[in-house]
There are 2 protein chains.
Amino acid sequence: MQRQVTLAEVAREAGVSPSTVSRILTGSARVRSDKEIQVRQAIEKLSYRPNTFARGLVTGSSGSVGVLTQDIASPFYNDALSGIERGLLGSGYMPLFASGHWRQGDEEHVVQLLLRRRVDALIVLGGCLPDQELLQLATQLPVAVQGRALDLSAHGGTSIALNNREAARELVLYLLERGHRAIGHIMGRADHGDAQARLAGYKDALQEKDIPFVPSLVVQGDFLEPSGLIGMQQLLAAHPEMTAVFCSNDQMAYGARLALYRRGIRVPEDLSLVGFDDLPGSAYTTPPLTSVRQPMEELGFWLARFVLSRLTGGELEAFVPQLELKLRESVGFLRRS
Amino acid sequence: MQRQVTLAEVAREAGVSPSTVSRILTGSARVRSDKEIQVRQAIEKLSYRPNTFARGLVTGSSGSVGVLTQDIASPFYNDALSGIERGLLGSGYMPLFASGHWRQGDEEHVVQLLLRRRVDALIVLGGCLPDQELLQLATQLPVAVQGRALDLSAHGGTSIALNNREAARELVLYLLERGHRAIGHIMGRADHGDAQARLAGYKDALQEKDIPFVPSLVVQGDFLEPSGLIGMQQLLAAHPEMTAVFCSNDQMAYGARLALYRRGIRVPEDLSLVGFDDLPGSAYTTPPLTSVRQPMEELGFWLARFVLSRLTGGELEAFVPQLELKLRESVGFLRRS
DNA sequence: CTGTTAGCGCTTTCAC
DNA sequence: GTGAAAGCGCTAACAG
């Protein structure tokens with residue numbers, strides 16, 4: 001639109017050389033205080049704004065961290081985005097968010113866009129990029145990945161996966177302890193590692209208590225509400241004896257909850273229901289939903305700090321994510337029959 | 001980390017001059033096809049990625065659109081972010097998201113950060129920046145604002161506010177038509193234009209039906225779930241005769257719903273409940289919540305297209321947002337007593 | 001402490 | 001059609 005004020009103009013206005021202005025801006029060397037005052041006044045007067053890119057061109061740093069998320073409107077990943085934002089706050093780095101929509105092609109495309117913008121580091125949240133590509137990226141810049149088991153440490157990167165399997169196991173054990181035996185499972189997207197891990201945890205728990213695994217008690221969903229509703233209908237039709245259902249995430253649990261409401265089946269009196277992810281809304285469903293909280297905000301914060309430490313050479317202690325069972329009111333005791 | 005491949009290296013590899021490579025990349029002039037092939041091979045071989053900033057420095061465009069949102073994890077604004085992302089897709093522009101957290105200071109700060117990054121245009125979602133500042137910004141670059149009544153057209157900007165007042169009026173009229181007379185209202189943040197507009201719509205509807213406005217039927221909330229829960233408790237205590245409650249947004253309606261659940265008050269048999277915003281989860285509450293859908297995704301899309309049209313000189317038809325009453329099951333008929 | 005000089009990687013005249 | 005040269009706005013040696 002309108003030509004922007006340049007550092008040279010500030011220098012002229014203040015009667016000093018461009019380098020002096022630059023020194024004041026970057027704090028790279030001491031400057032006589034009277035000149036500094038003049039310069040600051042000139043900056044104010046012209047309302048000068050340094051051009052980040054021009055600076056980046058010479059320093060070799062764009063001051064931005066690329067963040068590949070899957071869906072900018074996903075309630076799950078957005079917690080991590082908040083954490084990343086907080087982690088980068090005051091560091092001089094800005095996050096550059098882009099969505100991959102769980103499509104490998106999209107993800108590769110946006111990673112290219114981020115690299116063209118010379119992001120100084122990359123944070124990857126979920127997605128289906130091959131491990132190989134991530135490894136390759138890690139050779140080029142600091143990379144921090146969430147959601148897969150992958151060793152990036154050789155290249156100075158990191159990958160952190162929450163132990164979904166273990167948490168799912170605990171959750172199902174909790175149901176078993178309360179007397180439930182016929183426990184349905186609505187699974188998430190089959191191609192999704194978290195869905196697989198949660199199913200594995202479900203099986204672990206059954207095995208631990210010597211309950212035979214019944215394949216028809218598991219129905220396929222896609223992590224979205226409608227699939228939870230349909231999944232619950234299927235389970236109800238096939239297994240009237242069922243007393244509890246474990247949904248692979250909260251969104252499907254919401255759908256399942258509605259299916260029950262429609263049929264007048266009470267939660268938890270008639271059927272117990274548990275989810276996974278502990279979305280913000282889950283504490284306010286009726287009844288509040290028992291779920292597993294994943295510390296995504298903290299994780300995002302830590303991922304940001306991790307790449308920052310790679311960038312600035314600082315130290316950083318390891319992050320030990322604590323998955324936490326949120327025991328609420330959607331699970332009831334089953335009287336021994 | 002690792003030095004990046006430059007255009008000059010590509011030129012050398014292909015045995016042509018840098019300008020030729022540039023011409024091929026930008027398509028600014030015809031080039032003999034054999035050279036083009038050589039260059040493309042060199043690009044492939046070196047896996048060259050053009051430096052967006054270096055280009056921007058000379059073209060005077062960063063290829064990015066700044067987006068000031070309030071909370072990167074807000075379910076409400078995120079729909080708009082999705083729309084913006086979609087609107088920018090394939091345009092060569094990338095969104096640069098930053099959060100203002102409803103704090104004027106934060107908002108001003110991030111706007112500065114965006115301007116330093118030489119965003120080519122700015123989209124502002126909500127927030128509490130003074131109109132004056134927005135006007136000032138609009139003189140510098142294309143600006144598109146959501147959530148306030150403000151005329152930016154003199155500077156080629158735009159501002160679009162959904163008619164919350166009218167929608168709230170219709171929603172409350174709907175309750176009145178179903179026989180409700182004692183209707184509570186849990187208000188959103190008092191300093192928030194939308195909250196004020198929705199309260200005004202509530203009053204409009206009452207007046208239209210000659211129902212006196214009872215101040216104590218309105219309690220203060222802050223748009224978050226806990227305030228809905230508390231607000232409902234207050235209303236219940238003060239107005240046992242109340243048969244319906246209008247919450248200024250869905251999140252507060254969720255909180256209110258839980259307060260009712262705790263007391264065994266049935267929805268909609270004993271009390272009707274309506275919200276505003278139609279969050280994704282609202283179709284899956286029990287019962288599904290009657291609310292007002294705001295076309296945020298479409299709005300975001302249009303805002304993106306608007307700034308794009310300013311940037312590229314294209315034409316764009318006006319956006320006529322349709323607020324839509326989502327009539328679901330949380331409202332019941334009141335028998336005439 | 002401060003000014004001069006030389007680029008960072010790219011596009012864009014301007015000649016040929 | 002194509003190359004040489006001149007910057008875009010800034011920082012980082014290099015001298016003083």
Side-chain angles (χ1 to χ4, degrees), chain A residues 1-40 42-43 46-64 92 113 115-120 140, chain B residues 1-40 42-43 46-64 92 113 115-120 140:
Chain A
M1 206 111 170
Q2 192 171 280
R3 251 203 64 274
Q4 298 274 355
V5 181
T6 70
L7 179 143
E9 296 175 53
V10 173
R12 200 174 318 128
E13 173 77 24
V16 299
S17 78
S19 1
T20 301
V21 179
S22 172
R23 280 190 264 263
I24 290 172
L25 254 27
T26 59
S28 57
R30 291 224 59 75
V31 168
R32 259 215 341 261
S33 62
D34 57 326
K35 298 213 171 193
E36 167 147 9
I37 292 170
Q38 287 174 329
V39 170
R40 295 223 176 271
I43 289 177
L46 304 176
S47 62
Y48 165 70
R49 274 183 290 271
N51 184 326
T52 307
F53 303 144
R55 172 179 296 180
L57 197 54
V58 25
T59 60
S61 155
S62 65
S64 49
L113 290 182
L115 292 178
R116 280 159 175 252
R117 295 183 121 81
R118 295 299 187 267
V119 292
D120 297 317
Q140 305 185 57
Chain B
M1 207 113 171
Q2 193 170 279
R3 252 204 63 276
Q4 297 274 355
V5 181
T6 71
L7 179 143
E9 296 174 56
V10 173
R12 199 175 316 128
E13 172 79 24
V16 300
S17 78
S19 354
T20 300
V21 179
S22 172
R23 281 192 263 264
I24 290 172
L25 254 26
T26 60
S28 57
R30 289 224 60 75
V31 168
R32 264 219 332 267
S33 62
D34 57 327
K35 299 213 170 189
E36 167 147 7
I37 292 170
Q38 287 174 329
V39 169
R40 296 223 175 272
I43 288 177
L46 304 177
S47 61
Y48 166 68
R49 275 184 289 271
N51 184 327
T52 307
F53 303 143
R55 172 178 297 179
L57 197 54
V58 26
T59 61
S61 154
S62 65
S64 49
L113 291 181
L115 292 177
R116 281 160 175 251
R117 287 177 185 247
R118 296 297 186 267
V119 292
D120 298 316
Q140 304 184 59

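These figures come from a predicted structure and were not determined experimentally. Lettering of chains follows the sequences in order, A, B, ..., and the numbering in each one begins at 1.
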Per-helix bend value, the helix from C/dC1-D/dG16 to C/dC16-D/dG1, C1' rotation axes over five pairs per end, 10° rounding, shows 40°
Output for pair (A/F53 CZ, A/R117 CZ), nearest 0.5 Å, gives 7.0 Å
Check B/T6 against B/Y48 and note the closest heavy-atom contact, atom names and distance. C-CE1, 3.5 Å
Can you tell me how far CZ of B/R40 sits from OG of B/S33, rounded to the nearest 0.5 angstrom? 11.5 Å
Starting from C1' on C/dC8, measure out to CZ on A/F53 and report it in whole angstrom. 15 Å
Please check: side-chain N/O of A/T52 versus main-chain N/O of B/R116, any donor-acceptor pairing under 3.5 Å? yes
From CZ of A/R12 across to P of C/dT2 the rounded distance in Å is 19 Å
Approximate separation, where rounding is to 0.5 Å, of B/R32 CZ and B/Q38 CD: 8.5 Å
Nucleic acid footprint by protein, nucleotides 10-16 of chain C - heavy-atom cut-off 4.0 Å, B for base, S for sugar-phosphate alone: BBB----
Let me know the distance between CD of A/Q38 and C1' of C/dT2, rounded to the nearest Å. 13 Å
Report the C-alpha distance between B/V39 and B/V31 in whole Å, list the side-chain angles of each, state the deciding distance to 0.1 Å, and finish with yes or no for side-chain contact (heavy atoms from CB on, under 4.5 Å). CA-CA 11 Å; B/V39 169; B/V31 168; over 6 Å; no
Decide whether B/T59 and B/S61 meet the rule of one side-chain donor and one side-chain acceptor closer than 3.5 Å. no
Assess whether side-chain contact (heavy atoms from CB on, under 4.5 Å) is satisfied between A/N51 and B/L57, documenting all intermediate values. CA-CA 9 Å; A/N51 184 326; B/L57 197 54; 4.1 Å; yes
What are the bounds, 5' to 3', of the part of DNA chain D that sits under 4.0 Å from heavy atoms of chain B? D/dG1 to D/dG9
Test A/I24 against A/I43 for side-chain contact (heavy atoms from CB on, under 4.5 Å), laying out the working first. CA-CA 11 Å; A/I24 290 172; A/I43 289 177; 5.6 Å; no
Regarding B/S19 and B/S22, is there a side-chain donor-to-acceptor distance under 3.5 Å anywhere? no
